[in-house]
Amino acid sequence: MKGSRIHGVVRELRNENIDVIQWSKNPEILVKRALGNVTINKIEINEETNYALVYTPVEEISKVIGKQGQNIRLASWLTGYEIDVYRESSEDDDVELKEFNDDIEQWILDEFKKVGLTTAKSVLDKETESLLNMVDLEEETIEEVKRILREEFED
C-alpha cells in the first residue's frame with residue numbers, strides 16, 4: 001500500500017503533518033525539492049562553501065521563506081546548504097495604482113485613473129509637466145505621488 005510507512009510515522013507523531021522529499025545526488029534538484037512546491041527560476045550552487053542562491057519570482061518569495069523563516073531554515077538543514085533567496089524581477093513587473101490606497105488618497109488615484117493611468121509605471125514614465133496637463137492636481141501632489149511610487153521599485 002502506498003504511503004503505509006509514512007502513515008505509521010504520522011500516527012506516531014500524533015497526526016503532525018510531514019513532508020517527504022526524494023533525495024538526489026544533484027544538489028540543485030535536492031534544494032529545489034527541499035523548498036517545496038514553489039516556482040524557482042534558477043539555482044546557483046557553490047559546493048565548496050555549501051551555499052545555494054535561489055532566484056524566484058516576487059510572488060513566490062514568501063512561500064520559499066515561510067512563516068518566520070521556517071521553510072528556508074528547514075530546507076537549509078535538510079540539504080546541508082546555506083540557502084539565500086533573491087527575487088527575480090522582470091521588465092514587466094508593475095503595480096496597480098489601487099495597491100497604493102493606503103499611502104495615496106483615493107481621489108488622487110481616481111484623477112490618474114480618469115486619464116487611463118492605472119499602474120505605477122504608467123505614472124512614473126510620464127514627465128511631471130505632462131501629468132500637470134493631464135490631471136487636475138498640483139505639481140507638489142504629483143511629485144509626492146511619484147516619490148511614493150518610486151519607493152516601490154527600489155531594492
Side-chain angles (χ1 to χ4, degrees), residues 1-106 108-110 112-113 116-128 131 141-155:
M1 255 170 39
K2 255 190 170 179
S4 60
R5 291 184 283 174
I6 301 293
H7 292 298
V9 171
V10 170
R11 271 194 302 278
E12 190 71 27
L13 294 171
R14 296 186 192 100
N15 292 325
E16 182 71 30
N17 288 331
I18 63 172
D19 292 327
V20 179
I21 67 161
Q22 184 178 0
W23 185 83
S24 173
K25 288 180 183 179
N26 183 333
E28 284 185 37
I29 294 172
L30 185 62
V31 168
K32 184 172 174 63
R33 289 176 180 168
L35 289 172
N37 190 19
V38 294
T39 304
I40 296 175
N41 295 335
K42 182 171 70 170
I43 299 177
E44 294 175 4
I45 300 283
N46 184 333
E47 292 189 44
E48 294 172 5
T49 60
N50 283 352
Y51 181 78
L53 191 56
V54 176
Y55 294 90
T56 185
V58 175
E59 59 274 2
E60 296 284 325
I61 287 182
S62 61
K63 291 180 194 174
V64 170
I65 294 172
K67 190 175 186 179
Q68 298 177 342
Q70 188 173 16
N71 292 354
I72 199 158
R73 263 195 327 274
L74 287 171
S76 291
W77 177 80
L78 180 65
T79 61
Y81 284 85
E82 180 185 335
I83 302 173
D84 275 338
V85 180
Y86 284 93
R87 71 182 179 127
E88 193 161 81
S89 60
S90 63
E91 291 302 315
D92 52 332
D93 280 348
D94 204 350
V95 181
E96 296 285 324
L97 281 181
K98 63 185 174 187
E99 300 295 323
F100 293 93
N101 61 3
D102 290 342
D103 302 317
I104 303 170
E105 292 182 47
Q106 187 61 48
I108 296 173
L109 296 176
D110 290 341
F112 289 110
K113 188 176 180 181
L117 302 174
T118 59
T119 65
K121 285 191 176 178
S122 69
V123 174
L124 290 172
D125 288 344
K126 300 250 184 283
E127 295 291 327
T128 303
L131 290 171
T141 306
I142 292 172
E143 287 299 329
E144 179 64 13
V145 167
K146 289 176 100 174
R147 183 193 61 76
I148 292 168
L149 298 179
R150 265 190 233 101
E151 286 177 1
E152 174 68 22
F153 297 103
E154 292 175 359
D155 288 331

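In what follows, every heavy atom counts, from backbone to side chain, and hydrogens, waters and symmetry copies are set aside.
Comment: Arg147 engages Glu151 in a salt bridge, judged by a side-chain N to carboxylate O separation of less than 4.0 angstrom. Using a 4.0 Å cut-off between a side-chain N of Lys or Arg and a carboxylate O of Asp or Glu, Lys146 and Glu143 do not qualify as a salt bridge.
Asp125 CG: more than 12 foreign heavy atoms inside a 6.0 Å radius. In this structure, Tyr86 places its OH atom where only 12 or fewer heavy-atom neighbours from other residues, nucleotides or ligands lie under 6.0 Å away.
Here the shortest heavy-atom pairing between Val31 and Ile83 reads CG1-CD1, 4.0 Å. In terms of heavy-atom proximity, Lys63 sits nearest to Asn71 at O-ND2, 2.8 Å. Closest of all the heavy-atom pairs between Tyr81 and Tyr51 is CD2-N, 3.5 Å. The minimum heavy-atom distance linking Leu78 with Ala34 is given by the pair CD2-CB, 3.9 Å.
In this structure, the separation between OG1 on Thr141 and CD1 on Ile108 is 5.5 Å, given to the nearest 0.5 Å. Considering CD of Gln106 and NZ of Lys113, their distance stands at 8.0 Å, rounded to 0.5 Å. Taken to the nearest 0.5 Å, the CD1 atom of Ile29 stands 10.5 Å off from the CH2 atom of Trp23. With values rounded to the nearest 0.5 angstrom, Leu117 atom CG is found 11.5 Å from Leu109 atom CG. Atoms CG and OH, on Asp84 and Tyr55 in that order, are 10.0 Å from each other to the nearest 0.5 Å. Considering CZ of Arg73 and CD1 of Ile65, their distance stands at 11.0 Å, rounded to 0.5 Å.
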**Study point:** Worked check of side-chain contact (heavy atoms from CB on, under 4.5 Å) between Val95 and Leu149
**Key:** CA-CA 9 Å; Val95 181; Leu149 298 179; over 6 Å; no
Between side-chain atoms of residues 8-20 and protein atoms elsewhere (two or more places apart, or another chain), which donor-acceptor pairs fall under 3.5 Å?
none

What pairs of donor and acceptor atoms, side-chain ones from residues 38-48 against any protein atom, are under 3.5 angstrom apart with sequence neighbours left out?
unit_1 : atom_1 : unit_2 : atom_2 : d
Asn41  : ND2    : Glu88  : OE1    : 2.8
Lys42  : NZ     : Glu44  : OE2    : 3.4
Asn46  : OD1    : Glu48  : N      : 3.1
Asn46  : OD1    : Thr49  : N      : 3.3
Asn46  : ND2    : Thr49  : OG1    : 3.4

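Counting heavy atoms from C-beta outward, Val145 and Phe100 have side chains that stay 4.5 Å or more apart. The shortest side-chain heavy-atom distance between Leu30 and Ile21 falls under the 4.5 Å cut-off. Using a 4.5 Å cut-off on side-chain heavy atoms (C-beta onward), Arg150 and Leu124 make contact.
Between Val123 and the options Thr118, Leu131, Ile142, a side chain to side chain contact (heavy atoms under 4.5 Å, CB included) holds for only Leu131.
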